[in-house]
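Values below: every heavy atom of this structure, side chains too, minus hydrogens, waters and symmetry copies. Note on naming: letters A, B, ... go to the chains in the order of the sequence lines (proteins, then strands), and numbering restarts at 1 for each one.
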Amino acid sequence: MSHAEKDSFGAKLGMWLFLFTEMLLFGGVFILYSVYLTRYPKEFGLGGHQLDLVFGATNTVVLLTSSLFAAMSVTAIKRGAKQLTLGLLSGTIGCALIFLFIKYLEWSAKFHHGIYPNSPKLIAGPPGESIFFSLYYLTTGLHGIHVIIGGILMTWTAVMVQKGMLNSADNVTLENVTLYWHLVDLVWIFIFPLYYLIL
Amino acid sequence: MENQLITSTQQAVDPVFTFLFGACLVLLLGITATMVYFVVRYRRSKNPEPTSQVSGSPLLEVVWTVLPTILVMGMFYYGWTSYLSLRTVPKNAMQVKAEARMWSWNFVYDNGKQSGKLYVPVGRAVQVNLESKDVVHGFYVPAFKIKRDVVPGMKNHVWFVATSPGTYDLFCSQYCGTGHSAMITTVEALPPAQFAAWLQQTAAGGAAQGQALLEKYGCLGCHSLDGTRKVGPTFKGLYGSQVKVEREKKEETVTADDVYLRESILNPAAAIVDDYPAVMPPSTMPEADLKAVIEYLKGLK
Amino acid sequence: MSQDTAMAQGGFWRDTRRSGIGSWIFSTDHKRIGMMYLYCVLSFFLVGVVLGFLIRLELIAPGPTIVTAQTYNALFTVHGVVMIFLFIIPGIPASFGNLVLPIQLGARDVAFPRVNLLSWWLYAIGAVIVLVSLFTGGGAPDTGWTFYVPFSARTSTNVSLAVFGVFVLGFSSILTGINFITTIHRMRAPGMTWTRIPLFTWSLYATAWVQVLATPIIAITLLLVVTERILGLGLFDPNRGGDPVMYQHMFWIYSHPAVYIMILPGMGVISDIIPVFSRKPIFGYKMIAFSSLAIAAAGSAVWGHHMYTSGMSDLGVLVFSFLTFIVAIPSAIKVFNWVSTMYKGSISLEAPMLFALSFILLFSIGGLSGLILGAAATDIHVHDTHFVVGHFRYVMFGGTGFAFFAAAHYWLPKYYGRRYKEKPAIVGWILMFVGFNVMYFTMQVLGMEGMPRRYYDYLPEFTRLNVVATVGSWILVAGIVIVVWNLWRGLFRGEPFTGNPWGGATLEWSIATPPPTENFDEDPVVTHGPYEFKGAGIP
Amino acid sequence: MEHTEHILSYGKLTAVWVALLVLTAATIMVTRFELGVWKVWAALAIASVKSGLVIAFFMHMKYEPRLFRIILFVALFTLAGFIGGTFFDVLYR
Ligand code: HEA
Ligand code: HEA
Ligand code: CUA
Ligand SMILES: [Cu+2]
């Protein structure tokens, strides 16, 4: 393998390895979740019912759609459709913003009800409930940070596409960023049932 | 039944040690001897050219995979079964509750008696139920080869038999902060009759009661009665002395009178004695006990 | 391949494009990055060593000796954190791995040179954060390197910042791992088949997988400690239904595999050195390569052996004890194969070989004492005593540390074009070996007698052995000082070092000394295995 | 390069997206019934299918060489091992 030529296969391999570390990062939270769920099924149930299914479901649809746009943008750039690529990327970023906005609404509603980490209401409540909401904030917060990072990366790639640095021949950066975005989606696919549905 | 099989915890553990050490020693000596032999026999001055170019032997690989596997499975099994006997408490065991806090022990007996040392009758199995008031501690008696962490919010226990009368060291084995190494006390193994007498004795009033209270509330983990410096200042000669403290970031010298002592105990953060860390937890002892403690401190000249 | 006698300090040391410090801290050349890691790692090693020395001094007599209890607790915490996260985990992979791995594969650089530089920067930033945490906030952390909750959640010392520093260091480690895996998969020269990869690089491959898959868990765990302290999440707080033992699980899920991050590269170094100084192909190449993977895999499933006394379920003890013994088997395979390699060889006892041979011995002592810890019944007695401290010092210092010095004596002349003096190296080695055993063997005896670890003060009956251990630490000091000084002096003033005096058959010995920036003038084609000395045309 | 690049058509991607939405609706519906523990497993099973779709198509895994699938398996297996190992303790304490 010569030095100069770009190894897009290698780049994707590296990206996947990085995605594994992200999976295990969230995996750590899921370990805690599963352990505490077995210990406090009742309290988790009560806590889960206080989460808003409409917010959760909407966000799921938003994220899935953003993932669709991201995946399409890869097809578009490979076919050389620059404007379409840019449009699809904006779609993804737009969805990310909507997602964050909904998350904001959801969190502030909770804060309003006195449910936030270390709040007097949670401290007074049963032990498992405080654990549930702490996990909820931890997981969605960590996920939210990833959405923000993903959004920034998307914007950066959009600029590169605009400048023509990414094009139909050389687009592995775009592919990698969309891979990252899909990971964010993947994590949500698990968060959604675990926190909003099964409890 | 189990009681007959093993009569004490150290008897369960010691043979495992012997076996493991023996096996390890044989392996180590074997490897070292072979290595030294090769180095001497095939050193370059004697063997300037390698006399063989073998680069493997499937048979040997199988041998030194299978033999160690058998050996370590033996070690595992032996270690595990003896562990089980450490975990199986004999049925007639006496129950004691151990309360660990930063940085002292308090033992509570069924009849409500409390003590800073763990008194036990010789020859009778004792189950110690471990409770932590704050962080993780460890209950460790090397003489009996037992150890168990004292985890807040968790029910742990250990058991042991003291086979002969005497005093055995009891350590806190799990790191718990500044006073970790001072969190030591003893197991006092008494002949059964003597133990029964001790158990019935109730703390009389006066000095004995004051000291008992200090032990009960864990003060002696950080304060000494004999003038030695521990985590906190000694109580000896404290009453009436001049103490340099820092109050609201200002240095001042106060006389240790009733008011000061009361404040120091109920709200230690208010005035921090110079040269000591601000680590003392506020006490919530009832008024009667507080009075008794202060009376007792007055007497410590 | 050109074997022109390069000037000492030539090759990659001369960068034509930039000069000054910028040509180092912004360089993407794997050799420069490796060198920077080496210097940093070595400096932190010396910092840690001085702290360890102070610990021993304090323990020379019971009662307060030189510091207060609080300072002592901070001492061993910082000593542990520095040694683990700043010295031994990046130690061999990031320094010698970066220096050697691409060349051993016949590549011009790692797969992602810029990520490699980023990883060094993260290391530097993380290290600075850890150091800053010592002098700011509530003072140096005093939790022990394990940061057990609830203590770490309530102590007033500067735990949050220190933990955050370790978090950043974790990402540095992950990026190095990703880089190495990709490099090994993608950048091998033509002819460099999987069974021709040198065993050092093989061991780094196994290590890298552990880095990638285990490190994220410590990242999230440490993040949880921070959130616990700052936001009061209460996930481990028993008063709110949290379980402190869950913290221990998550901590050891990383930190046990981490001990194999520490030892595997060391084992790789030994596997490369022994055949060279015996002039014989390594015995059982495939078994050694495979056992690295086996250690990495099995080692990821044994973390519970640190928690036998924690109140874990008895079934947990059963499973983890069993798996712990399984992981000992691949280590045994390696030891047997190394020893067999010397059979009928032509053994030359130069400095790298001396360190390598003492590695085998010391690692065996450490590993065998690990078996005593792995057996459930015996661990109950020695858990959290100085026996454990002795165990891990045998494997970490006697193992990885000695391998680090072996690697330094073996490879550094290649990269500097100058070499150290042989005599002082051997004298230093003798002192290190003796002092090491006096000190740590004594500590294991102390542990057997029941002296708990992290004890600032101890009962008088332990005094004698503690004095012996402290004296041992002085002998060790002397040895380390001589070895380091000799290496240092030799690399800048020593005799020129050229060609392939030891007769290594791996690719790094086929290129100029010091290696040029591009490593290879033309892309190499590999025609023989890493230990076929005849095939490499070595007499 | 080892493989010729595979470009997914918009139609196929949209089909996957529709499938994902349908599965989302399905999981919401399933979990409205009182199925006890089965609810958890059903929801997790559907989530796994969904993530399988995302990985296979959106993330191109289906068209990557086998190496990628092997290492993905290694990573997931490791995570499963971590969770499983913890449960040896948690369930039997
Ligand atoms: C480089 C780091 C390193 C390595 C390689 C190891 C290797 C091993 N460790 Fe160690 N360990 C640590 C670093 C390391 N450890 C640290 C840092 C701690 C303490 C952390 C803390 O609490 O602060 C610790 C603690 C620790 C404990 C917990 C002790 C306690 O706190 O109670 C245990 C328990 O099982 C253990 C076991 C083992 C085993 C079985 C191996 C095995 O991998 C060893 C395998 C090696 C051999 C077996 C020897 C070589 C082979 C032969 C000589 C051939 C003959 C052998 C046979 C036939 C089997 N270790
Ligand atoms: C790689 C890892 C590593 C290494 C190499 C060392 C090296 C040493 N360690 Fe450390 N140690 C740990 C990792 C390591 N340690 C860890 C993880 C812990 C657990 C922490 C915890 O409990 O949280 C620990 C704990 C620990 C303890 C237990 C504390 C306790 O439980 O109470 C002790 C006590 O003796 C100790 C001592 C030493 C000593 C004397 C050395 C010596 O080997 C050092 C010997 C060298 C010298 C003494 C040389 C001195 C050099 C100079 C003076 C300068 C020369 C400079 C130049 C030439 C430039 N260490
Ligand atoms: Cu209590 Cu250490
Ligand atoms: Cu371990």
Query raised in the report: Non-hydrogen atoms of chain C under 4.5 Å away: do they reach the side chain of A:Phe26, the backbone, both or neither?
Result: neither
Report summary line: Turns out that what part of A:Phe133 lies under 4.5 Å from chain C's heavy atoms comes down to neither
Query raised in the report: What do the steps show when you test C:Asp243 against A:Arg39 for salt bridge (Lys or Arg N to Asp or Glu O under 4.0 Å), and what is the final call?
Result: CA-CA 10 Å; C:Asp243 181 355; A:Arg39 193 162 301 166; 2.9 Å; yes
**Report entry** Heavy-atom side-chain proximity of A:Asn167 to A:Lys82 below 4.5 angstrom
**Finding:** no
Query raised in the report: When heavy-atom pairs shorter than 4.5 Å are enumerated against chain A, which of C:Ile253, C:Thr215, C:Val212 gives the highest number?
Result: C:Val212
Requested in this report: Tell me, for A:Leu122 versus chain C, whether the close heavy atoms (under 4.5 Å) come from the side chain, the backbone, both or neither.
Outcome: neither
**Report entry** Partner chain C: residue of A:Leu138, A:Ile131, A:Leu13 with the largest heavy-atom pair count (under 4.5 Å)
**Finding:** A:Ile131
Query raised in the report: For C:Ile174, is it the side chain, the backbone, both or neither that has a heavy atom under 4.5 Å from a heavy atom of chain A?
Result: side chain
Query raised in the report: Based on non-hydrogen pairs under 4.5 Å, which of C:His185, C:Gln211, C:Arg240 is most in contact with chain A?
Result: C:Arg240
Report task. If the plane angle is over 60° it's perpendicular, under 30° parallel, otherwise tilted; pick one for A:Phe132 and A:Tyr195. Result -> tilted
Report summary line: Looking only at A:Ala11, A:Gly27, A:Gly125, most heavy-atom pairs under 4.5 Å shared with chain C are made by A:Ala11
**Report entry** Passing candidate, side chain to side chain contact (heavy atoms under 4.5 Å, CB included) with A:Thr60, options A:Thr58, A:Leu64, A:Val62
**Finding:** A:Leu64
Requested in this report: Could you tell me how the ring of A:Trp188 sits relative to the ring of A:His143: parallel (under 30°), tilted (30 to 60°) or perpendicular (over 60°)?
Outcome: tilted
Report summary line: If one checks every heavy atom of C:Leu223 against chain A at 4.5 Å, the contacting part turns out to be side chain
**Report entry** Polar side-chain atom of A:Ser134 near backbone of C:Leu233 as donor-acceptor pair, under 3.5 Å
**Finding:** yes
Query raised in the report: What orientation do C:Phe251 and C:Tyr148 show, parallel under 30°, tilted 30 to 60°, or perpendicular over 60°?
Result: perpendicular
